[in-house]
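One structure below.
Every chain is numbered from 1 and lettered A, B, ... according to where its sequence line falls, protein lines coming before strand lines.
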There are 2 protein chains.
Amino acid sequence: MDADLFKALGDATRRTILDELVERDGQTLFELCGRLTMKHGLTSSRQAISQHLAVLEEAGLVHTRREGRYKFHHVDTSPLRAIVERWPVEREDADQ
Amino acid sequence: MDADLFKALGDATRRTILDELVERDGQTLFELCGRLTMKHGLTSSRQAISQHLAVLEEAGLVHTRREGRYKFHHVDTSPLRAIVERWPVEREDADQ
DNA sequence: TTGACAGGCAAGTATCGGCTTGCGTATAAC
DNA sequence: GTTATACGCAAGCCGATACTTGCCTGTCAA
């Protein structure tokens, strides 16, 4: 099941993490922590963010790449396609 | 916020309800209960389904119409558009 | 009016999920 | 080697939430 996908999207902090990673891909955990507090006003701890990233990775929305002691996080929005494919969204031809 | 939307999609039973309503729109609560147990193997009680429908309605995914003692439920998938608009899904031009 | 039917409300329970806390590991700098 | 850095693991706490239980309201048929 794609339960992992919807579970991952169910949390506001995780959605903000996706926002951040879309804007700047390939961040490390510490980079993310900094930017989330600075730009998005989040107060989550490092461990909290780390656990959120694990959930996002389980859902296939984030892939990771190890490099020495750094771990880079990359977004992958392709799993989202399953949502609109499951419940077809009719085109909104309202505007011209 | 669209927190209601993601919260609504976060539950497996609610997703199955959406499946059912997409396949056959405008069902009453009792109709839904029957079909969910028959076709989808769910064992949820009437009250449980009713509460799920309330959550779906809050998210704008289901609209209701009263008619005497009947209440018909209609799907509206348009809120889902906000998801792919928030995190653009690149076209998969793999197939031809 | 009486009864069956369709649905609603609200409190209690129990499970789940996000977060903290504390310690551990590996890589790199000095 | 020593220290700092970047991250991992796991147990526990606590609030959220799905579900049950019991009773109530409104509609329609006889």
Side-chain angles (χ1 to χ4, degrees), chain A residues 1-21 24-38 40-59 61-74, chain B residues 1-21 24-38 40-59 61-74:
Chain A
M1 273 275 282
D2 36 22
D4 288 341
L5 172 63
F6 295 101
K7 177 191 165 192
L9 293 176
D11 183 80
T13 303
R14 284 195 286 269
R15 295 195 293 273
T16 308
I17 291 178
L18 287 182
D19 291 337
E20 228 331 282
L21 283 179
R24 178 181 171 91
D25 198 37
Q27 296 190 48
T28 68
L29 175 56
F30 272 60
E31 254 184 285
L32 267 169
C33 287
R35 290 177 176 271
L36 288 171
T37 28
M38 295 295 106
H40 303 271
L42 294 194
T43 60
S44 309
S45 69
R46 176 183 63 89
Q47 289 84 345
I49 304 291
S50 176
Q51 286 167 5
H52 282 309
L53 285 170
V55 175
L56 289 170
E57 193 171 3
E58 232 178 328
L61 290 167
V62 164
H63 299 171
T64 58
R65 168 175 54 93
R66 262 281 182 190
E67 207 162 298
R69 59 176 166 176
Y70 298 106
K71 188 177 180 184
F72 301 100
H73 300 81
H74 298 271
Chain B
M1 274 276 283
D2 36 21
D4 288 343
L5 172 63
F6 294 102
K7 177 189 163 191
L9 294 176
D11 184 81
T13 303
R14 284 194 285 269
R15 295 195 293 272
T16 307
I17 292 179
L18 286 183
D19 290 338
E20 228 332 283
L21 283 179
R24 180 182 170 89
D25 198 37
Q27 296 189 49
T28 68
L29 175 58
F30 272 59
E31 255 184 286
L32 266 170
C33 287
R35 290 179 175 269
L36 288 173
T37 28
M38 294 296 108
H40 302 271
L42 293 194
T43 61
S44 309
S45 68
R46 176 183 64 86
Q47 290 84 346
I49 303 292
S50 176
Q51 288 167 4
H52 282 309
L53 285 170
V55 176
L56 288 170
E57 192 171 4
E58 232 180 327
L61 290 166
V62 164
H63 299 171
T64 58
R65 169 174 52 93
R66 261 282 180 190
E67 207 162 298
R69 58 175 165 175
Y70 298 105
K71 188 177 180 184
F72 301 100
H73 300 81
H74 298 270

Rounding to a whole Å, what distance do you find between [X]:[atom1] and [N]:[atom2]?
X     : N      : atom1 : atom2 : result
A:F72 : D:dA6  : CZ    : P     : 11 Å
B:L9  : D:dT17 : CG    : C1'   : 16 Å
A:F30 : C:dA28 : CZ    : C1'   : 14 Å
B:I49 : C:dG7  : CD1   : P     : 12 Å
A:L32 : D:dC7  : CG    : C1'   : 13 Å
A:E67 : D:dC7  : CD    : P     : 12 Å
A:R65 : D:dC7  : CZ    : P     : 12 Å
A:Q47 : D:dG12 : CD    : P     : 17 Å

Given [N], is OP1 or OP2 found less than 4.0 Å from the side-chain N or O atoms of [X]?
X     : N      : answer
B:R46 : D:dT20 : no
B:S45 : D:dC19 : no
B:H52 : D:dC19 : yes
A:S50 : D:dG8  : yes
A:R14 : C:dG18 : yes
B:K71 : D:dG26 : no

Quiz item: Between A:T43 and A:R66, which is nearer to the 5' end of DNA chain C once each is assigned its nearest nucleotide?
Solution: A:T43
Quiz item: If you find the nucleotide of DNA chain C closest to A:R69 and the one closest to A:V55, which residue's nucleotide is nearer the 5' end?
Solution: A:V55
Tell me, do [X] and [Y] make a side-chain contact under 4.5 Å, heavy atoms counted?
X     : Y     : value
A:L42 : A:I17 : no
A:F72 : A:T28 : yes
A:E20 : A:L32 : yes
A:T13 : A:L36 : no

Quiz item: Hey, is the main chain of B:L9 close enough, under 3.5 Å, to the side chain of B:R15 for a donor-acceptor pair?
Solution: yes
Quiz item: Hey, which of these two, A:Q51 or B:A48, hits DNA chain D nearer its 5' end, going by closest nucleotide?
Solution: A:Q51
